[in-house]
Amino acid sequence: MQQRSKDEAYQKQLEAVREEAKNVAKAIHDEHGAKETELQRQLDYVRKTTEAEAVRIQRRSEAEKADLRATISRLEVDLMKANKAKTEELHAAREEFTAKLSAEQSKSKAADERCSKLEKELSQKDDKLEECRTQLEEKEEQKSAIQGELDDLLMVFGDLEEKVEKYKKRLIELGEPVSDGEDNEDDDDDDEDEDAVDDDDVD
């Protein structure tokens with residue numbers, strides 16, 4: 001009887017423990033469910049917030065991409081215009097340089113031709129000057145030679161005049177007449193000799 005009472009008491013205690021365990025399990029389950037619901041709510045909020053942020057970021061990115069594309073297009077247009085302007089400027093500069101170079105080459109060619117012509121004329125004048133110097137030297141030599149011959153002739157004429165004078169005196173001493181014509185002829189010969197000498201000096 002006591003054993004049965006103990007068993008019943010034990011059974012009650014066991015049922016009480018089971019009931020308490022069930023209540024604890026239910027409480028834990030309820031709490032876990034509440035937490036899971038809260039976490040799901042928070043997860044949904046985060047997901048929605050993230051999706052909204054992603055959409056916002058995507059829109060902003062698309063806007064930035066559009067701005068970048070527009071900027072790139074504008075820069076490409078500006079670059080094309082700048083390249084075109086630079087190309088035209090370079091072409092104009094090249095044409096100007098080519099024209100100036102051609103003009104300078106023409107001037108240089110004309111100057112070279114002028115220098116060549118002047119050098120040729122100078123060479124011809126040098127040759128002419130050298131020829132004149134040679135002719136002058138030849139004339140001087142000829143003049144010296146002629147002057148030497150004249151000096152020799154004058155000496156001969158002087159000797160002849162002395163001899164003529166001696167012959168005249170001798171004839172006078174011998175009583176022979178001496179005509180003035182011989183004197184005049186001698187004087188004319190002397191005058192012609194002097195004129196010839198003067199002409200040579202002039203040459």
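Remark: Glu96 pairs with Lys100 by the side chain to side chain contact (heavy atoms under 4.5 Å, CB included) rule, at least two apart or across chains. Taking Lys107 as the reference, nothing meets the salt bridge (charged side-chain N to carboxylate O under 4.0 Å, His left out) condition, with sequence neighbours excluded. Under the side chain to side chain contact (heavy atoms under 4.5 Å, CB included) criterion, Arg59 pairs with Val55, not counting sequence neighbours. For Arg133, the side chain to side chain contact (heavy atoms under 4.5 Å, CB included) partners at least two apart in sequence or on another chain are Leu129, Glu130. In this structure Glu138 satisfies the side-chain hydrogen bond (donor to acceptor under 3.5 Å, both in side chains) test with no other residue, sequence neighbours excluded. Residues that satisfy the side-chain hydrogen bond (donor to acceptor under 3.5 Å, both in side chains) test with Glu162, not counting sequence neighbours, are absent from this structure. With sequence neighbours excluded, the residues satisfying side chain to side chain contact (heavy atoms under 4.5 Å, CB included) with Glu95 are His91. With sequence neighbours excluded, the residues that form a salt bridge (charged side-chain N to carboxylate O under 4.0 Å, His left out) with Glu53 are Arg56. Residues satisfying the salt bridge (charged side-chain N to carboxylate O under 4.0 Å, His left out) test with Arg41, not counting sequence neighbours, are Glu38.
Evaluation of the salt bridge (Lys or Arg N to Asp or Glu O under 4.0 Å) test over residues 144-153, restricted to residues two or more places apart or in two chains, returns none.
Classification of Lys143 and Glu140 as a salt-bridged pair fails, no side-chain N sitting under 4.0 Å from a carboxylate O.
The CG atom of Leu153 lies 11.0 Å from the CD1 atom of Ile146; values are rounded to the nearest 0.5 Å. In this structure, CG in Leu160 is found 12.0 Å from CD in Glu165, a value given to the nearest 0.5 Å. Going from atom CD of Gln40 over to atom CZ of Arg47 covers 6.5 Å, rounded to the nearest 0.5 Å.
Other residues, nucleotides and ligands contribute at most 12 non-hydrogen atoms within 6.0 Å of the CD atom of Glu20.
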Pairs of donor and acceptor atoms involving the side chains of residues 62-84, under 3.5 Å and at least two apart or interchain, shall be tabulated with distances.
| residue | atom | partner | partner atom | Å |
| --- | --- | --- | --- | --- |
| Thr71 | OG1 | Asp67 | O | 2.8 |
| Ser73 | OG | Arg69 | O | 2.9 |
| Asn83 | ND2 | Leu79 | O | 3.2 |

Which donor-acceptor pairs under 3.5 Å do side chains of residues 113-127 form with protein atoms, sequence neighbours excluded?
| residue | atom | partner | partner atom | Å |
| --- | --- | --- | --- | --- |
| Ser116 | OG | Asp112 | O | 2.8 |

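Using a distance-only test at 3.5 Å, with no hydrogens or angles considered, no donor-acceptor pair links the side chain of Ser102 to the main chain of Thr98.
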